[in-house]
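Atom set for the values below is all heavy atoms of this structure, side chains included, hydrogens, waters and symmetry mates excluded. So you know, we letter chains A, B, ... as the sequences are listed, proteins then strands, and number each from 1.
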Amino acid sequence: MKGSLVRVSASEFCEREGVSHSLVIELVELDIATPVAGSEVQEWVFDDAGARWLQKALRLQRELELDWVATGMLVDLIRERDRLRRDNDNLRRALARFLVD
Amino acid sequence: MEFKDYYQILGVEPEAETKDIKAAYRKLARKYHPDLNPGDEAEANFKEVAEAWEVLRDDTRRAEYDELRRYGGRRPSDFEPPPGWQSTAGGEAHHFSGDFSDFFNSVFGGGFEQAARGRPMRGQDVEIEMPVFLEETLADCSKPVSYRMPVIEGGRQRHVDKSLKVTIPAGTADGERIRVKGQGAPGMGDAAPGDLYLHIRLVPHPLFDVEGRHLSIAVPVTPWEAALGAKVVVPTLSGRINLTIAPGSQSGQRLRIRGKGLVSKLGTGDLYAILKVVMPTDTSAEVQALWRELAAKADFDPRAEWEETS
């Protein structure tokens with residue numbers, strides 16, 4: 001059985017989350033995700049990571065009752081935190097190969 | 001079923017005003033939100049807090065809940081709604097996008113009850129973690145997958161074991177998800193089945209570290225290989241290669257081996273060989289004498305720059 005990398009169209013995302021295309025445009029303008037294909041919003045396609053960031057942003061906005069600018073900032077900070085954690089783990093693992101007890 | 005004391009969950013008095021309940025919810029939501037606090041415990045706590053807020057924020061629902069609380073609070077561990085109980089507030093979430101507890105579903109409707117009424121409903125998606133070795137990402141790779149799948153029959157949920165083989169496309173990276181259409185839980189009525197999602201986790205390798213699409217490997221070399229240069233055999237994910245160490249190489253120096261990293265959408269990455277000078281453990285008198293001779297003849301102070309700066 002062939003598996004395929006997850007791709008989500010803007011329309012599919014809108015239908016699943018019950019949101020409008022104009023909100024998806026706003027989220028893209030806030031740099032929460034960037035479409036990997038399509039020039040008009042109706043043709044936009046997101047990769048899995050992008051679609052998950054959009055979904056995460058919606059959840060944070062609803063559940064923490066934030067405005068969109070604050071949500072955009074929070075997403076930036078979470079993304080930065082995740083990247084730093086990953087880098088830190090990688091550097092620790094690489095360093096451990098050079099350290100001798 | 002367990003009775004949920006939503007006031008206790010939010011740490012407020014039953015007489016509290018909505019604005020105070022909202023303040024308590026916001027504080028706890030920040031503390032436990034799963035996107036801010038990874039981990040199952042935070043997620044479980046957040047679900048309880050969000051569910052409590054979902055009920056207490058709505059005046060009609062809160063009034064119904066208060067009525068039940070007077071009734072159900074007497075037997076908190078063995079709660080059943082009163083015979084003929086029907087909520088007028090409904091179970092639709094305004095705010096929280098996660099799953100509700102059995103308590104919420106039985107009191108305010110929704111969940112399995114909706115399925116039990118026979119409305120066509122798409123099957124649930126199933127997501128499982130899929131460990132993949134680095135070597136397996138270099139080309140399309142067929143892997144066996146076994147998982148448990150929820151099936152709803154007659155309003156009751158049970159689990160069914162399922163096994164299949166899935167081809168993972170080359171270049172799949174850590175954290176990506178693979179969708180296998182139609183292999184999730186069956187739908188209700190004529191509705192479509194859900195999908196199976198494989199959440200890819202690259203298994204840490206004993207030799208190679210991953211940096212995006214690039215790999216690195218620590219290459220142990222002797223002091224004389226570093227000093228005089230050498231050719232050493234280095235493992236890669238696709239077989240061994242000969243690596244030339246230049247004379248006068250340093251410990252920690254990175255040598256790039258093009259095209260021996262991971263396959264990715266951006267092209268194949270590189271392998272970085274990081275030299276690690278290792279001292280011999282042999283302390284024979286003859287070897288010691290040779291080190292002493294070297295110490296006497298070599299004009300080298302690795303801490304010279306300390307003298308210049310202190």
Side-chain angles (χ1 to χ4, degrees), chain A residues 1-9 12-13 15-19 32 36-37 45-66 70-71 73-83 85-100, chain B residues 22 25-26 29-30 33-36 38 46 49-50 53-54 93-98 130 140 142-143 145 164-169 171-183 195-200 204 207 209-212 216-218 220 251-252 265 272 274 276-279:
Chain A
M1 198 144 298
K2 182 85 179 167
S4 58
L5 281 173
V6 174
R7 293 280 183 272
V8 181
S9 73
E12 215 179 317
F13 181 81
E15 194 185 324
R16 199 175 62 197
E17 299 293 332
V19 297
I32 287 170
V36 292
V45 174
F46 297 93
D47 62 12
D48 189 34
R52 278 196 283 171
W53 278 114
L54 292 177
Q55 195 183 25
K56 215 175 252 200
L58 282 182
R59 209 162 50 203
L60 286 164
Q61 188 270 338
R62 279 179 194 151
E63 293 172 357
L64 298 181
E65 303 183 335
L66 304 174
T71 306
M73 282 178 63
L74 184 55
V75 165
D76 278 349
L77 291 172
I78 295 175
R79 227 183 325 232
E80 183 70 357
R81 179 201 65 181
D82 291 352
R83 191 184 63 75
R85 277 192 181 153
R86 225 171 19 245
D87 284 356
N88 196 29
D89 287 347
N90 287 342
L91 290 170
R92 275 175 189 274
R93 214 172 10 251
L95 186 61
R97 295 192 191 275
F98 282 85
L99 296 179
V100 180
Chain B
K22 182 176 186 174
Y25 162 72
R26 282 188 154 186
R30 268 194 56 187
H33 199 282
D35 292 326
L36 305 172
F46 179 75
V49 166
W53 174 231
E54 197 62 52
H94 300 290
H95 187 76
F96 172 50
S97 43
M130 179 89 198
D140 285 1
S142 178
K143 284 182 75 85
V145 181
L164 45 96
K165 275 200 155 189
V166 177
T167 303
I168 311 286
T172 302
D174 191 49
E176 285 187 324
R177 289 189 310 162
I178 303 287
R179 172 160 50 194
V180 190
K181 283 203 165 173
Q183 295 300 321
D195 297 330
L196 170 67
Y197 286 86
L198 304 174
H199 196 154
I200 302 298
L207 295 179
D209 292 322
V210 180
E211 299 166 29
S216 65
I217 181 171
S251 194
K265 291 177 272 296
Y272 288 90
I274 307 175
K276 177 186 179 183
V277 175
V278 178
M279 290 301 293

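To the nearest 0.5 angstrom, A/L99 atom CG is 4.0 Å from A/L95 atom CG. Taking CZ from B/R177 and OG1 from B/T172, the interatomic distance works out to 13.5 Å, rounded to the nearest 0.5 Å. In this structure, NZ on A/K56 lies 13.5 Å from OG1 on A/T71, to the nearest 0.5 angstrom. From A/W53, atom CH2 reaches atom CD1 of A/I78 across 5.5 Å, with rounding to the nearest 0.5 Å. Separation of atoms CH2 (B/W53) and CD (A/E65) is listed at 6.0 Å; rounding is to 0.5 Å.
Side-chain contact between A/R97 and B/D209 is present, with at least one heavy-atom pair separated by less than 4.5 Å.
Taking the side chain to side chain contact (heavy atoms under 4.5 Å, CB included) definition, one finds that A/D76 meets it with A/R79, sequence neighbours left out. Partners of B/Y272 under the ring pair (Phe, Tyr, Trp, His ring centres under 6.0 Å) rule, at least two apart in sequence or in another chain, are B/H214. The salt bridge (Lys or Arg N to Asp or Glu O under 4.0 Å) check on A/E80 picks up A/R83, with sequence neighbours excluded.
Looking at B/L36, both its backbone and its side chain come within 4.5 Å of chain A, counting heavy atoms on both sides. For A/R52, the part lying under 4.5 angstrom from a heavy atom of chain B is the side chain only. With a 4.5 angstrom heavy-atom cutoff, B/L198 does not touch chain A via any of its atoms. When heavy atoms are compared at a cutoff of 4.5 Å, A/L74 approaches chain B solely by way of its side chain, counted from C-beta outward. Only the backbone of B/V210 comes within contact range of chain A, with heavy atoms under 4.5 Å apart. Heavy-atom distances place the side chain of B/K265, and not its backbone, under 4.5 Å from chain A. Interface remark: B/D140 contributes side-chain atoms only to the contact with chain A (heavy atom separation under 4.5 Å). For a residue to count as touching a neighbouring chain, one of its non-hydrogen atoms must lie under 4.5 Å from one of that chain's; by this rule A/A49 does not touch chain B. B/L207 touches chain A through its backbone: at least one of N, CA, C or O sits under 4.5 Å from a heavy atom, while the side chain does not.
Between chain B and the options A/Q55, A/R86, A/R93, the largest number of non-hydrogen pairs under 4.5 Å is found for A/R93. Ranked by non-hydrogen atom pairs under 4.5 Å with chain A, the options B/K22, B/R179, B/E211, B/K181 are led by B/R179. Heavy-atom pairs under 4.5 Å with chain B peak, among A/L60, A/N90, A/D47, at A/L60.
Within 6.0 Å of CZ on A/R16 lie more than 12 heavy atoms contributed by other residues, nucleotides or ligands.
Contact residues of residues 1-8 of chain A toward chain B are A/M1, A/K2, A/G3, A/S4, A/L5, A/V6, A/R7 (heavy-atom distance under 4.5 Å).
No side-chain donor-acceptor contact under 3.5 Å links A/N88 and A/R85.
B/Q183 places no side-chain N or O within donor-acceptor distance of the main-chain N or O of B/L196, the cut-off being under 3.5 Å.
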